[in-house]
Amino acid sequence: MTGNTLCIHGHFYQPPREDPWMDTIFPEGSAAPATHWNERICAESYAPLAWARRLDDQGRIIEIMNCYEYMSFNFGPTLLTWMEHQAPDVYARVLEGDRSSLARLGHGNAIAQIYHHVIMPLATDLDKRAEIAWALADFEARFGRRAEGLWLSEAAVDTRTLDLLAQAGVRFTILAPRQAREVADVAQNNWTAANEGNLDIREPYLVELPEGRSIAVYFYDGPLSQAVAFEGLLRHGDVFWGRLSGMAAQGGGKGLLALATDGETYGHHFKFGEMALAFALSQARAGEQNVALTNYAAYLAENPPKRRVRIHENSSWSCVHGVERWRADCGCATEHRPGWNQRWRGPLRDGLNAVKARIDQHYLALGQTLYADAEAALIGYGRVLSGLDEPEAFAAAHFKPKLTPAQKDAAWKLLTMQKWALSSFASCAWFFDDLGRIEPLNALTFALRAMQLGQRTGMEDLEPLLLSYVGQATSNDPALGSGHDLWTHEVRPRRESTETILAQALIHLWAEGRLPAPGGGASVHWPGLSVSIGVAEADGTNGSGHRAGKASIRWAHESGSDDCAWAWELPKGGDPLAGCIRVGETGNKCIPASYIPWGKRQALALAWVRRVEAEVWGRQVAETHLGAHLFLPYREAQVTQTAAERWDRLWSALCWQWIMGEVAACRDLLDFLTERGREHPERTLLARRVGRAAAGLLAQDKPDCHTLRLILERAAIVNLAPDLLEAQNIFWSRLKDDPTAREAGQALGFAPHPLP
Ligand SMILES: [Zn+2]
């Protein structure tokens, strides 16, 4: 590769938001109207980067670029797990970005990331090995190849971590320049002290490790990366490109200019930041200013390190005090909160460490009787989570022969316990400024779940142990109180029981209109568990709305099931969340469903509103088919429709009928729809519905450009701008080179002759 080489890296990550029972993300009110922050940031950043618009000077689209093809990136495994199921089209573009860069450069753009984003220098040796092995298994399952590089959470590093990476076959990682302590030439002893000012960051360095192993380290351009994050470089594509190409040229044709940024900077922190990035990437792709795009692995293959580096042990990229931010009151994160402190960080770290130490003891002691090698089973479990290994094959390889069904179930439960115990160390819990934030509370919830699984496999209750530490911590907000208060009011109530799980399953079925009749059955599935519900023949309803039956709860990646009888007293015509669940044949414990935490109740409400709104919409569409015929032309002096306010309530469905070409409409109806639509509250939803219909026409086996154009023309007549992002994306991937689709392309906003 010649010229001034450039590599832009994006670190894409979200704190773990999964509920550790259902293993799914529940609504977060602060992200509304999106369901939660993963969904919202995906729409603002991950999706726009997958389909970044490049526009001409008239605002027409000349290219839709997949930025993941041209930038280096890592995604957290937990984030990709969510994306795979909830945003599969974006996920497909991420994978495609890696594949196409692999074909172009011989090395893919994707690198792995520590599985749970834990601060590696603060983890035990066993946890370090598990986090790396699970990360690499996850990467291999998704990208279909071994990872060459790995992103260390917060770039937090010590020599042991680097050595474990090297042992696992990882060839490089990326650090901040100030993490270098001293440098020397390879095979010479000319060590000199390094600092941010004198370190040449345009070459990879070699870190020598025990027993002859080594790993390469890249240092990213600190000031340039900072400028992208904080100085608004992304406001204009040409400004961003000018800075990048200018900096790249300073290498005089030698070395690599690399910057590392939080991926969410593009689009989420800076709206349209993805367009600035796409512009810069397109310039570099075209070889403008003699700049050539590469990625870390491709550069390393051609430029083996000529210099060595010794790192600062226990250092990171976002705490100048090392890794104190994740265990002590170091002062980071209180800059904007005078008077606040982070003395809570120590007790939180110590408490979770104490719990993990006891959990490891329990795991190894019981595991000795269940696994051929308990440590190897834990390290290998990531291959089950990633889907690389079938559970049966894993059990055959790691479980002792002739285990009873109960022992097998315990063996699986111990691994689930470790999964959530590891999850409790995600760095985000300590990163911010208070114990009362959602991240520390989530960490404690993961620990609660791990402790519950420990108890189910014979361990004592660790709550007193955890609280002996966390109880000493205090929120900066007096209203939230101590760690003990937060545990009692926020964390412990999240603990699921058979009653609360059944309550959610039953209300979910009811909300979706799927509650079985007597004698029937149905099931509800969450990624973490499935519930099969059977309703008894004689359920004693007698018109009272009460139901009873049997249920079976099966946990993901576990072999047993929890079976029970249940009774649900559904209040007649009242609040379904106020019903009472009894479990067991005698079942005299009444658990009102209102005990379910807010996010889970919100999910049930969402299931209800989705069904009811769809039903109402379906009915409106069916009825307004006739309504359009009955909207008579106005008489001579008539200026609006008689009973206009009632017609107005059907605005959305009447528009839909017209735009979809279901009905002819008189001029007065079209004027009415245009006039009433200016600020109609259903406008956004209708724009989305029409956009989805447009996308559907292009996605079908034989794309229907003709109907698409008619729809867009009719929408324009009533002054509705459909949400065309998805239709444009499909057009770009399927039809951009089809001459018969050219006019449809222009109607969708493309320039007449899109560039390849
Ligand atoms: Zn700090």
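All residue numbers in this chain count up from 1 along the given sequence. Numbering of ligands and ligand atoms starts at 1, following listing order.
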Using a 6.0 Å distance limit plus a 45 degree cone around the ring axis, check whether R146 lies over the aromatic ring of F139.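 The answer is no, since R146 fails at least one limit relative to F139.
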Please collect all salt bridge (charged side-chain N to carboxylate O under 4.0 Å, His left out) contacts where either partner lies in [range], sequence neighbours excluded, each pair once.
| range | value |
| --- | --- |
| residues 109-119 | none |
| residues 199-210 | E208-R308 |
| residues 332-350 | R337-D433 |

Could you count the protein N, O or S atoms found under 2.8 Å away from the Zn ion (ligand 1)?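 Of the protein's nitrogen, oxygen and sulfur atoms, 4 lie under 2.8 Å from the Zn ion (ligand 1).
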Test item: R178 side-chain N/O and W317 main-chain N/O as donor-acceptor pair under 3.5 Å: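 Between the backbone of W317 and the side chain of R178 there is a qualifying donor-acceptor contact (under 3.5 Å).
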I'd like to check T294 versus L256 (side-chain heavy atoms, cut-off strictly below 4.5 Å). Are they in contact?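 Yes, their side chains come closer than 4.5 Å.
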